[in-house]
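Computed over heavy atoms, backbone and side chain alike; hydrogens, waters and symmetry mates excluded. Residue numbering restarts at 1 for every chain, and letters A, B, ... go by the order of the sequence lines.
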Amino acid sequence: MTVEDAFSPLAQRVPLATTVNGRPVTLAVPARLTLADLLRDELHLTGTHLGCEHGVCGACTVLVDGRSVRSCLLFAVQVEGRSVVTVEGLQDHPTTGRIKCAMARHHGLQCGFCTPGMLVTATELIDRHPPEKPLDEACVRETMSGNICRCTGYQGIVRAVLEAAADPATGTTHEG
Amino acid sequence: MSAPPPRVTHGPGEPYVGTSVPRVEDQRLLDGRGRFLADLAAGALSVVFLRSTEAHAVIESIDTTRATDMPGVVGVYTGNDLPLARDYIGSLHTPDPGFVAATGFRMPEQRLAILPVDRVHYVGQPVVALVASDRYLGEDALEAVDITYRPLPAVLDPSASLAPDAAPIHPHLPDNEAGRIEVEFGDDVAADAVAVTVEGTYRIGRHGAVPLEGRGVLARVDGQRVSVWTSTQIPHLVRQGICEATGWSVDAVRVVVPDVGGGFGTKANVYAEEVVVPVLARLTGHDLVWVEDRQEHLVGSAQGRDQVHRTRLSVDREGRVLRWEDDFLLDIGAGGLWVAGVVANTAIHLLGPYRIPRVRLRGRAAFTNKTITAQYRGAGRPEACFALERSLDDAAGRLGITPVEIRRRNLLTAADLPYAQPLPYRDGVPIVYDGGDYLRCLDSVLELLPAETVERLAAEHPDLTIGHGVGCYIEATGRGSFESGRVRLTSTGGFEVASGAASAGQAHETVFAQVAADGLGCSLELVTVRRSDTDLVRHGVGTFASRSAVLAGSAIRRAAEQLLDQATGRAAQLLGVSPDLVKSTASGFAAADGSSEWEISWADLATACAPGGAQEQLGPLDVVEYFHPETVTWTMGAHAAVVGVHRGTGAVSVLSYAVAHEGGVEINPQVVEGQVIGGVAQGIGGALLEQFRYSPTGQPTSTTLAEYLLPGTCDVPDVQVRHLGVATPCNPLGVRGAGESGTIAVSATVAGAVEDALHGLVRVSETPIRTGPLRAAAEQIRREGQ
């Protein structure tokens, strides 16, 4: 890059302080950098995948302050002061762990490209589901409807989420 | 939701083939540690492509001056700047001369330019490549490339394209015919034998693979070699395409396949970007990466289907088929390197799983100014199936028998099979359906999903009018010419397996390990399957056409068996006993002569082969095998669906679905079932949702996933699958292909169910099924209180 390039308005960087997977991150980013590109290109957290970059497919879903968001539709600077959790950050999360085991058992993934987004959405679904509402197949299908899988036909994914949602102590679902 | 089927687990001492061992791939993919193409990009500069904004135009000028001066730009390249030996990618399939002679098959040579400098043929065609420090700056700079186009009339209708006075889209060709075929056999039918003749026009919309991961190419130069990572199903054909276009030696190009996020045929193609990125890497000396975005994918990656069939089917009073005629037309867009495959597949699979004495088929493929095409999952089979199955439903209706009954009367049974057709397959070998009992699949699918299900679901869904449909298909699987398999003993006593058949989610790392472990008689844990890499196997073809289990599986099995054989001899030598006393064990070999017992592990054997070992002079244990099947092996199946049509909107919901299919030996039943269910999901997309649409001037209008609708969690019901295995003698594993079976009959089955739901008030003759006419029919039913 030439000296002139460095002064281009496109290259101007904005300071950013945020938390990613529990660790403070302080760096300067171009104002137009998306959160997904920050995670993938700057922080090398490549578990967050880009399937459409226009907010439809859900592959890039991450948690910001505990709620699922499309990281392709947020600018990195929008997570200033917030807490971002990616699939890598759910490595030791018990709910995600149960979903992962169930996904493998029920063949809930083939190519695995949509899987991180599915895991993030399903983790939020189970962790934040109001106890008075049934967590049944219809609920899982509706909640996961923003995550597209092109390989599996969803059957294994839905089974896996339902199984993981079952109370780990009693084996019963929230329905019961 | 129905309970999952019991898992076939692996017991001690049993073969691994036939058991649903857990997938090796899952752990890394679940942990977000998959390595897809874009995940390898660190350190590389970005390539971005300027794509044609015109469907058909002369390029009057390209001025890259402004773009070159933009921040972050390393270089801007047109077709004139690429040092190419040949500026187009050649056909990927040429039928056997015997097939050509029997079918009059013809196709011209296609020469769609890698980066055109004089003429563009579709919106989305790459025209200029730009190298920049990152993608953001690269895309900024693309806006500063100045291209002047002189628009030409865009040809979007394949019939108009083939009209005698139509101007050729490709100036080197005399007309717009991209391929033709003609099949005719059987004696003329006596007029008085015919009870009903139905004629129809059936349109299968333009839809395609749309894998969740787009394409992408990474190239790194090392001395005289270029290594290319690409999200492909066919690494060796990509290497061939690169070498033919550049003139480079195959020894100078390595193609590696990372984790691939779905392929379904669109990645079984060789693309301009796969040539341009390595060429520019060499030209600039930089590591370069191009990652396709979704908008590029929806205009630039190969699409599929888009056929029109004009049919005529005659049956006798009993509903037995007497005569079947179809004149079909394929719109292959600006080009298709697999046109021979799709045209031939369509014609051959129009024969169906039935007894049809008299057949007359004519097919033509046309060039138009739409996006290029390739072999999307099924590749001619779903289209053929739609035309034939819809015609059968029509004939059944006229005769007053059910769709099930007309199929029952025509399906090939155990008494008919194996069944020869008076026609060679694409490989020139006479077609013989090597099945067991096709009627059994129909009976079986009706057990899974009987027509009576309609009553139960109607009670549950008062807002829907409900119907039941069936469809049958036949599929030639596992075609040649060959596939490679390599098995080698590693220095630590494990095994490494490699093949030309790249995985795009089909669990090759698991299923090929099962095959190799059985061939070696060893524990599964000892076997690692490597991702496809042209340095690991020098020759290969790839994954498509439901061929990997059949061909790569067979090559790996034979390589494993040969390695075991060689190793047994070496073990005997090391132990100083006769080879016939040596038995293989899960961890190596054992021998006993009555008084003494010896053991030698695979690790011991590896040490013996290594430098300084007792068998150093024998070299490593490393076997490469090529499996050439004599011809294809046939899979057949029957589908059943119960659908509901919304009384207010006409929207179609698939409520329940079942598949009974006659496959072969299943290497991993859970993986096979996953292929079938995933195939059904894509079929539902094609039947109801997906379509690449174009404006009258050839502008694509399905350029986001909000317009090109992929089926979601609420669009795909639970699918029940029953596998009726009939081992085939065509390969050492007894397997038949299963990758495409799920997709083929879905449109036909759903269409039949929709007609049933609407009491026959509409005829469904095109996909995606339009809801407007359905709404009107549903309204009529409601008014008449039916």
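Contact count against chain B (heavy-atom pairs under 4.5 Å) is highest for A:L109 among A:V56, A:L109, A:I148, A:T152. Comparing B:V74, B:V210, B:D39 by heavy-atom pairs within less than 4.5 Å of chain A, the highest count is held by B:D39. Taking chain A as the reference chain and counting heavy-atom pairs below 4.5 Å, the highest number among B:A132, B:A209, B:P22 is found for B:A209. For the options A:C114, A:A104, A:P116, heavy-atom pairs under 4.5 Å to chain B are most numerous at A:A104. Chosen from A:E88, A:E142, A:R105, A:H44, the residue pairing most often with chain B at heavy-atom distances under 4.5 Å is A:R105. Heavy-atom pairs under 4.5 Å with chain A peak, among B:D259, B:D715, B:L710, at B:L710. Looking only at heavy-atom pairs under 4.5 Å with chain A, the residue among B:D293, B:V671, B:V680 that has the most is B:V671. Listed options A:H106, A:K100, A:M118 were ranked by heavy-atom pairs under 4.5 angstrom with chain B; first place goes to A:K100.
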Take A:R32 and B:D140 through the test side-chain contact (heavy atoms from CB on, under 4.5 Å) and record every step on the way to the result.
CA-CA 12 Å; A:R32 63 177 175 171; B:D140 288 339; 2.6 Å; yes

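Taking CE from A:M103 and CZ from B:R23, the interatomic distance works out to 10.0 Å, rounded to the nearest 0.5 Å. The distance from atom CD of B:Q506 to atom SG of A:C111, rounded to the nearest 0.5 Å, is 9.5 Å. One finds the CZ atom of A:R150 at 9.5 Å from the CG atom of B:L212 (value rounded to the nearest 0.5 Å). Residue B:L29 holds its CG atom at 11.5 Å from CD of A:Q110, rounded to the nearest 0.5 Å.
Between the side chain of A:H49 and the main chain of B:E213, no donor-acceptor pair closer than 3.5 Å is present. In terms of modelled atom types and a separation under 3.5 Å, the side chain of A:Q155 and the main chain of B:Q720 share no donor-acceptor contact.
You'll find the side chain of A:Y154 stays beyond 4.5 Å of the side chain of B:V719, heavy atoms only. Using a 4.5 Å heavy-atom cutoff, the side chains of B:R294 and A:E53 are not in contact.
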